[in-house]
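All values derive from a computational prediction rather than experimental measurement. Naming: A, B, ... by sequence-line order, numbering from 1 per chain.
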Amino acid sequence: MKRVEEIFFRTLMYGAVLVITGLLFLIIYSIISKGASSLSWEMVSQTPRGGYYFGKEGGILNAIIGSLYLSAGATALAFFISLPVALGMNIYLAKYRRMVNGLRFILDLLWGVPSIVYGAFAFSIMIMVGARASLMAGIITVGVFIVPIMIRAMDEVFKTVPRGLTESALSLGATFTETSFGVLVRQCAPGVVTALLLGFGRGIGDAAAVLFTTGYTDYIPGSLSQPAATLPLAIFFQLGSPIEEVRERAFAAALLLTLIILLISVITRILSNRFNKNRINF
Amino acid sequence: MNNPKIKIQGLDLHIHKQHILKGINLEIPANKITVIIGPSGCGKTTLLKTINRLTDEYSGVKHSGSITIDGIEVLNTRNGLTEIRQKAGLLSQRPYPLPMSIFNNVAYGLKISGRKRKSALRPRVEHLLRMASLWEEVKDRLNDPAASLSIGQQQRLCLARGLAVNPDIILADEPTSALDPLSSQAIEQKFQELSGQYTIVMVTHILRQARRIADYVIFMYLGEVIEFGSAEEFFSNPKHEKTKAYLSGVFN
Ligand SMILES: Nc1ncnc2c1ncn2[C@@H]1O[C@H](COP(=O)(O)OP(=O)(O)OP(=O)(O)O)[C@@H](O)[C@H]1O
Ligand SMILES: [Mg+2]
């Protein structure tokens, strides 16, 4: 009986691994096979000529730069909000367990709210104050949208720090801030980096929240008050084009987006492993 | 007793309506080793953490009564929490080194107590590691992670880090329970040397250890202090029935 169980679960496990890696490779394969031919130096080094919808000329540098600006800005903004909150939940507020659990529940709800809702909400505020689509509006909207994700991702790693470790710093007379950065952030550096990456990934991949708030343009934004193009929207618009070549360019854009995320993942992994040296294993 | 270092009067502590410490009155003398014994769950750890105000960080804790250190109220005050904690350092049952290098663990103590000058750090760290009898073992690997030390070495590192904030009082919660006999002996010896300059309050389950190093002994039972006295009297002539029973091993 034990053996049957063992075999059953092992098969299930291998099956799941196979399905997931298979799907992943299928997606990557389809992006590469359709996009690689259109991917050229021109694509990544020039802004579009002839419009994003019908244009076969030029590149999508506007969307690459726009996306990087947008998600870097949003990630930074969200990080400066999320880190103190996540730390507070696990040190300063830790003794108010009910309140912290309530907060977790709310954040989980917010995590589940689709980004288009954030976009629509931000858009309605923008109409109220008479603001136009801009990089700034997009950064704030996407920033707000990834805050719950980042807080909960960090919170989950801070939660794993044993009480005794935080107490050992507090009992030395360390303040909450000193304990936060001396203990929690150090011990959880890889987790904090992962949260950062998660937020960035959600930000750069999101199309719905930026649709109304950031707009779209063929130009590289020169300031925060100008609209900006983003890669997901570049894919979206180009895929909708009746022209075959333009649709292929959409896959090239998707490939670029995937490569950017991959590159950033690898870099942050390498960096976070370097922080890992002094971690205490419990 | 004239001039007790720590004076506890009518201390009651509840956690979520559970009565944990009941009417504790104690006068702990300066520069002596006072050992707390008592069966598991009687509130020894909680008492130490109350003196250090660490119980502030627990949910649902309510206390009443008073604790003074050098005549200054430390329980019923909202100010100077970090100073109180630095004055009465806590050594926990199992060592918790911080996630940084050996050197920085000790330097962290120096830094948070306000000594930030880089050049002064190095000799101070060496001095503290020597005080904790750890220097010889780590002097060539100060930049290694603290987690690479053995548990016994980690406990001594925590002692050095605790001494770095310049306390008057060392509250030690079964500091040797996770250690091998040799490391335990090292800690015991250290405490005896340190008791000239520090007031040490130590919890232990090992009666022989209590006999070896105690100047004074506190016996707790179900949240109350049953008996308190000098070590000779306590062990040779316990007054309370429960103490006698505990010493003869009935509770163990
Ligand atoms: N954070 C807490 N929440 C609720 N109850 C607690 C908490 N900490 C301690 N207690 C309770 O307080 C009582 C005293 O605990 P304490 O840890 O002080 O005992 P102890 O004498 O140190 O025991 P041991 O010798 O096993 O370490 C126990 O009944 C324990 O269950
Ligand atoms: Mg205990």
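- Applying the 6.0 Å contact sphere to OH of A:Tyr69 captures no more than 12 heavy atoms from other residues, nucleotides or ligands.
- Within a 6.0 Å sphere centred on OH of B:Tyr58, heavy atoms belonging to other residues, nucleotides or ligands number more than 12.
- Within the 4.5 angstrom heavy-atom criterion, only side-chain atoms of A:Arg163, from C-beta onward, approach chain B.
- Looking at B:Asn166, neither its backbone nor its side chain comes within 4.5 Å of chain A, counting heavy atoms on both sides.
- Heavy atoms of B:Leu90 lying under 4.5 Å from chain A belong to its backbone as well as its side chain.
- Side chains of B:Asp173 and B:Thr45: a donor on one and an acceptor on the other come within 3.5 Å.
- In A:Phe176, the CZ atom is crowded: over 12 heavy atoms of neighbouring residues, nucleotides or ligands sit closer than 6.0 Å.
- For chain A, the nearby part of B:Arg94 is the side chain; its heavy atoms alone come within less than 4.5 Å.
- Considering only heavy-atom pairs separated by less than 4.5 Å from chain A, the leading option among B:Ala146, B:Gly162, B:Ser92, B:Pro97 is B:Pro97.
- Residues B:Ser148 and B:Arg141 have side chains that bring a donor and an acceptor to within less than 3.5 angstrom of each other.
- Proximity to chain A is limited to the side chain of B:Lys49, based on heavy atoms less than 4.5 angstrom apart.
- Only the side chain of B:Tyr108 comes within contact range of chain A, with at least one heavy atom under 4.5 Å from a heavy atom of that chain.
- With chain B as partner, the option from A:Glu167, A:Arg98, A:Arg97 having the largest number of non-hydrogen pairs under 4.5 angstrom is A:Glu167.
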*Worked verdict on B:Arg85 versus B:Glu57 for salt bridge (Lys or Arg N to Asp or Glu O under 4.0 Å)*: CA-CA 12 Å; B:Arg85 287 178 180 161; B:Glu57 311 308 331; 2.7 Å; yes
